[in-house]
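Data block below; observations after.
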Amino acid sequence: MTTVKDVFVSYKQALSGIYDANETEALTLLTLSEITGSTKAQLKAFPEKQLTDGQSENTNAILNRLQTGEPLQYILGHTEFYGLLFKVNPSVLIPRPETEELVEWILSEVGGLQLAVGSILDIGTGSGCIAISLKKNLPDVNASAVDVSSPAIETAQQNADLNTVKVNFIEDDILDPSNHSLLTTHYSLIVSNPPYVTMHDKTQMHRNVTDFEPHTALFVPEDDPLIFYKAIADFALERLVPGGFLFFEINEGLGNETVEMLQGKGFKDIELRQDMSGRDRMIRGTRI
Ligand code: GLN
């Protein structure tokens, strides 16, 4: 019979070449709590608890996939973001904790304002995590979200249904200005976590990201890393109401460049903020 403790031992052995000890423990706990239905605290308190044969087979099957570097969120098919459940698959980036911090910032900024009755737009929505968590917490806004990928839009729509919110999803390429005919509204807030990883950054990244997550959601040309930011800022100048906000998640190495780009385009009240690891990670600007 396999116990909880046995699973910890076999996961630790099998994953030590891929993940560090903390990540391995977190992956093991999440896998076991998904499979057994026990909480993480219960799993830690009762390491001698036995798994059924079926549960033990499931932990082995997941371990085989983890050993290839496949992210656990794709294996399980879901993840949590801002307290909500999101379906994920390889057509969408796995929502990150840094992006939760961006959502938190936006909500603290706009929560009390009458912006709450305006329209908001999320560009490059992927799983829909930003648009859906904003709409969930600002129920009076009209929320729209665009993505260039139709399987991503499909996933985001499923996530809006799963979280019982209404978001207007639009398939559109933000880099193609001739093609924004569907986006006719003016918005009080535009937010984006666009691709921002350069080929140089790629060399530093874990292969569970580079080998498995969608490259269209991640990578930008080395010689034009702000390509999406510039296009979105131009779009925002046209489509934000005066006083409207533009929020970005950014590449930690491009904070100053992004601030300068926004200043150059005439945005005001620009603020650069760090994430929980102290890295430049998000920016807000206001349209005058
Ligand atoms: N923060 C993500 C990562 O490091 C990248 C997100 C993005 O490109 N927008 O994997």
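Note that ligands are numbered from 1 as they come in the structure, with each ligand's atoms numbered from 1 the same way.
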For Asp280, is there an ion pair with Arg273 - N to carboxylate O distance below 4.0 angstrom?
no
Under 4.0 Å between a side-chain nitrogen and a carboxylate oxygen: does that hold for Arg96 and Glu213?
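Salt bridge: yes.
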Does any N or O of ligand 1 fall below 3.5 Å from an N or O anywhere on Pro194, backbone included?
yes
Decide whether an N or O pair under 3.5 Å exists between Arg281 and ligand 1.
no
Give the residue and atom name of whichever protein heavy atom lies nearest to atom 10 (O) of ligand 1, and the separation in Å to one decimal.
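Among all protein heavy atoms, the one nearest atom 10 (O) of ligand 1 is Arg96 NH2, 2.6 Å.
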Among non-hydrogen protein atoms, atom 8 (O) of ligand 1 lies closest to Tyr196 N, 3.3 Å
Should the pair Lys202 and Phe219 be classed as cation-pi, given the thresholds of under 6.0 Å to the six-membered ring centre and 45° from the axis?
yes
Distance check, rounded to the nearest 0.5 Å: Glu238 atom CD versus Arg287 atom CZ?
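Between Glu238 CD and Arg287 CZ, I get 9.5 Å after rounding to 0.5 Å.
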Check each atom of ligand 1 against the heavy atoms of Met205 and keep those under 4.0 Å away; list them by number with element.
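Ligand 1 atoms under the 4.0 Å threshold to Met205: 10 (O).
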Glu249 heavy atoms, cut-off 4.0 Å: which ligand 1 atoms fall inside?
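Answer for ligand 1: 1 (N).
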Strictly under 6.0 Å, is that where the ring centroids of Tyr229 and Phe248 end up?
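Tyr229 vs Phe248: aromatic centres under 6.0 Å.
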Proximity to ligand 1 by part of Asn251, non-hydrogen separation under 4.0 Å:
neither
Can you name the nearest heavy-atom pair linking Gly124 to Asp147, along with the distance?
C-OD2, 3.3 Å
So is Ala217 touching ligand 1 or not, going by heavy atoms under 4.0 Å?
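Yes.
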Yes or no: does Leu93 have any heavy atom under 4.0 Å from an atom of ligand 1?
yes
Donor-acceptor contact below 3.5 Å, side chain Thr164 vs main chain Asp161:
no
